[in-house]
Enquirer: 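Provided herewith is a single structure, encoded as structure tokens, for subsequent inquiry.
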Amino acid sequence: MAAATIVVRGTLGGKRVNWGVERARREGLKGTFWIKWKNGTSQKWDGPHKDEWAAKAAKARRERELKQIALGLPVADSGKRITLSEAIARFLEVKRTESQDGRSADRWKWELELFQQVSGKTYVDEILKEDSYKYWRHFQDRKREPRTIYNRLCSINRFLSDSICNVAADRRLSVKEMPSYDESAVDYYSQEDLKRLFAACTAEERLAYQFFLYSGCREREVMFATWRDVDFDGCTFTIQAKQIGHHKFSTKNNKPRIVPIPSVLVEALRTYKLINSDRQLIFVNRENGPEGHFLYKLKQIASRAQLNCGHCVTGSYDEWGNLTPGTEKYCKNGPYCSQWTLHRFRRTWATWHLQNGVPITDVQEWIGHSDQTTLRRYLGLINVKSDRAKAHANNLAALVEV
Ligand SMILES: [Zn+2]
């Protein structure tokens, strides 16, 4: 029988000893983990391994290999182990190729390096389910939102299940094991809040946030919106790849898409173009480059309009995601309210379209989603607030009067 054994190698009274794991544990021997096996008559050693887990993984791998040799099968990638660092580098390379937007790759880099640090593992084959739980606990200890933790673990699962890592399913979290979170019920702006927000805007700010609200576009899509993307007669806006100076813009899934825009926005853009037709971009910063402060400015306006929720705390986070003490910003004191985000315009826009009876397949194309999961959730929220749902609730009360 092809077998490998884990051995703890340490020194005892100045003498080197090789003990089995059980004995080493029983007698408190501190040492390094090795595996040994027989190749014919000669004794082979492999190590040292980082810890018992690493040694167990190496043992399993070696035994598989010995079995293959015994069966006369070719041994694939014999002895070749992929380190977590290698896997991360390869994964990031793919991510960078997939999208020219460096920010997404930077985010992945931050995330995967954090996972590597938290897990403390060197090789991909050492990764166990426990590492995902450790990563989960890391965020839990830092009091992160359940939704954030869920997102973090989704990313790690994507990385581990990718063909680069190919970590077996029983060494990752299953769908059932993923953290749960309460989906926020109201995720879109109320008409009243928007009225107050727009009333506090300057003419230029008004146009910018109207653009967000009426096109449902993402931040970068608005940043790189050009006059050429607007069809003034057809009342549409096209999101497509382009080169703006030294900035390269590519769409999220490398596919262009077209959204309908209301004539009120088209007319506002037409007027704005009269004085700004000499430039490519619709919205610019002071240096005539892409406007990078839409979010910052939105929070300023919301604060001015006294639309802050008055309860949230934000601040700067270090690279491990901890709120740095002394950097806390309270929205009751200034333009820091987390309720005001650019993405929320997009959700409001999608919700309104669904509410107005636009078929979900159309909204899906306009929003640029590959599936309907998110939109179905919006639809569920709309349906439960519908007149029909209210009638059902009243029918029930009429039927079961108490
Ligand atoms: Zn707030």
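Scope of the values below: all heavy atoms of this structure, side chains included, with no hydrogens, waters or symmetry mates. Atoms within each ligand, like the ligands themselves, are counted from 1 in listed order. Since this is a predicted model, take the numbers as computed values, not measurements.
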Enquirer: Who pairs with Trp366 by ring pair (Phe, Tyr, Trp, His ring centres under 6.0 Å), at least two apart in sequence or on another chain?
Expert: His353
Enquirer: Using the salt bridge (charged side-chain N to carboxylate O under 4.0 Å, His left out) rule, collect all pairs that involve residues 354-371, keeping only residues at least two apart or in two chains.
Expert: none
Enquirer: If you draw the axis of the six-membered ring of Phe294, does the NZ or CZ of Lys297 fall within 45° of it and under 6.0 Å from the ring centre?
Expert: no
Enquirer: Salt bridge check, Glu22 against Arg25: does any charged N sit closer than 4.0 Å to a carboxylate O?
Expert: yes
Enquirer: Regarding Ser174 and Glu177, do their side chains bring together a donor and an acceptor under 3.5 Å, going by distance alone?
Expert: yes
Enquirer: Near the Zn ion (ligand 1), which protein N/O/S atoms are found at less than 2.8 Å?
Expert: Cys309 SG, Cys312 SG, Cys331 SG, Cys337 SG
Enquirer: Is there any salt bridge (charged side-chain N to carboxylate O under 4.0 Å, His left out) pair reaching into residues 193-209, and which pairs are they, with sequence neighbours excluded?
Expert: Glu205-Arg304
